[in-house]
Amino acid sequence: MAYWLVKSEPDVYSIDQLKKDKRTCWDGVRNYQARNLLRDSMKKGDIVLFYHSNCAEPGVTGIAKVVREGYPDNTNYKGKGNPDPANPTWFMVDIAFQRKLKRVITLAEIKAEGRLRDMQLVQRGNRLSVMPVSAAEYELLIGME
DNA sequence: GCCAACGTTGGC
DNA sequence: GCCAACGTTGGC
C-alpha cells in the first residue's frame, strides 16, 4: 500500500465537500507527471492526504482512500469530449472520504519539521497536484495532528 | 495582487 | 531541436 498527497483549492473542491459527497472522481488533472501517477501507480486502498492549496491557510486537512484505480478522464477536453476516446490522454481515480484531521497541519508546520524536508510538497517550485508520500512521512505528519 | 517557478506551445 | 513567449500554479 502506498501513500499520496493531492492538492485542491478549497474554493474549487474542499475536504468538507468530499465529506458531503463521500466519494468523488479526481478528474481534471492536466499534467503528464501527475497523469502517470493516476494511471499507473495509484492502487485501490492507497491512502491519500488531502491538501488545501491557494488559500489563507494551506495545509493537509484530511484523509481519503483510493477506491477506483486509474481510468480514462474523457471529459473536459477544453469543454468537449476526448476526440479519440479509444486512446485517452488523461486519467483519473476515484477517492472516498475517510476523515477530516482534527486540525489543519499547515504548510508552515511541515516546512518547520526538518524530518519532512524531503517531501515533494516542500521542494522548490513544486506544482504537481498529485505526488507520492513515503510511509515514514505519512506517519510523521499524522503524528503532528 | 505580485511574482517566482515551471510546463507547454509554436516559430524557426 | 532550440528557445522565447505565454499560461498556470501557488505561496505570500
Side-chain angles (χ1 to χ4, degrees), chain A residues 2-21 23-43 46-66 68-145:
Chain A
Y3 299 92
W4 307 93
L5 182 145
V6 299
K7 289 182 189 170
S8 182
E9 301 187 24
D11 290 346
V12 178
Y13 197 90
S14 69
I15 186 72
D16 290 321
Q17 188 64 45
L18 179 62
K19 184 178 182 181
K20 208 157 74 178
D21 294 345
R23 70 181 273 170
T24 189
C25 50
W26 203 250
D27 64 350
V29 173
R30 294 294 180 264
N31 170 283
Y32 285 102
Q33 238 181 304
R35 186 279 311 269
N36 291 344
L37 296 175
L38 290 170
R39 187 189 57 191
D40 306 327
S41 304
M42 294 180 83
K43 297 299 174 191
D46 284 358
I47 298 296
V48 175
L49 293 169
F50 198 98
Y51 177 91
H52 280 178
S53 68
N54 229 332
C55 57
E57 195 175 52
V60 177
T61 57
I63 299 172
K65 193 164 78 173
V66 177
R68 182 173 176 188
E69 294 178 12
Y71 62 105
D73 176 0
N74 280 331
T75 59
N76 296 320
Y77 278 73
K78 296 185 173 160
K80 288 171 283 190
N82 186 350
D84 184 6
N87 189 21
T89 302
W90 304 117
F91 285 75
M92 58 188 175
V93 299
D94 287 358
I95 62 173
F97 178 80
Q98 295 294 107
R99 68 182 182 91
K100 252 181 99 164
L101 298 189
K102 296 187 203 83
R103 64 185 195 86
V104 178
I105 298 171
T106 66
L107 179 62
E109 289 178 75
I110 294 168
K111 279 182 174 167
E113 171 52 73
R115 286 172 293 174
L116 293 178
R117 81 168 65 111
D118 290 331
M119 279 189 78
Q120 278 199 37
L121 180 67
V122 294
Q123 298 308 305
R124 187 174 65 108
N126 157 64
R127 289 169 51 191
L128 265 192
S129 58
V130 178
M131 66 186 81
V133 174
S134 76
E137 287 162 354
Y138 173 82
E139 296 297 340
L140 221 152
L141 212 139
I142 290 306
M144 292 161 68
E145 184 181 358

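Letters A, B, ... mirror the listed sequences (proteins, then strands); counts begin at 1. All values derive from a computational prediction rather than experimental measurement.
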Trainee: For A:R117, does its backbone N or O pair with a side-chain atom of A:Q123 as donor and acceptor, under 3.5 Å?
Mentor: yes
Trainee: Quick check: on DNA chain B, is the nucleotide nearest A:N126 upstream (toward 5') of the one nearest A:N54, or the reverse? Name the residue that is more 5'.
Mentor: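 Result of the comparison: A:N54.
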Trainee: Would you jot down, in residue-number order, the residues of residues 105-113 of chain A having a non-hydrogen atom under 4.0 Å from DNA chain C?
Mentor: A:L107, A:K111
Trainee: Listed by chain and number, what are the side chain to side chain contact (heavy atoms under 4.5 Å, CB included) partners of A:E137, not counting sequence neighbours?
Mentor: A:L116, A:D118, A:M119, A:V133, A:S134
Trainee: So, do A:M131 and A:N126 sit near enough that their side-chain heavy atoms are less than 4.5 Å apart?
Mentor: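 The answer is yes, as the side chains (C-beta and beyond) meet within the 4.5 Å cut-off.
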Trainee: I need the minimum non-hydrogen distance between A:A2 and A:D46, along with the two atoms involved.
Mentor: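 What the structure gives for the nearest pair is N-OD1, 3.0 Å.
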Trainee: Among A:V104, A:L121, A:T61, A:I105, whose side-chain contact (heavy atoms from CB on, under 4.5 Å) with A:Y51 holds?
Mentor: A:L121
Trainee: Where do A:L128 and A:A34 come nearest, in terms of heavy atoms and distance?
Mentor: CD2-N, 3.8 Å
Trainee: Are A:W4 and A:F50 close enough, and set up right, to give a side chain to side chain contact (heavy atoms under 4.5 Å, CB included), and what steps lead you there?
Mentor: CA-CA 9 Å; A:W4 307 93; A:F50 198 98; over 6 Å; no
Trainee: Could you tell me the boundaries of the chain A footprint on DNA chain C, defined by atoms under 4.0 Å from its heavy atoms?
Mentor: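 In short, chain A contacts DNA chain C from C:dG7 to C:dC12.
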Trainee: Nearest heavy-atom pair of A:I15 and A:G62: which atoms, and what distance?
Mentor: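 Nearest heavy atoms, A:I15 then A:G62: CD1-CA, 3.8 Å.
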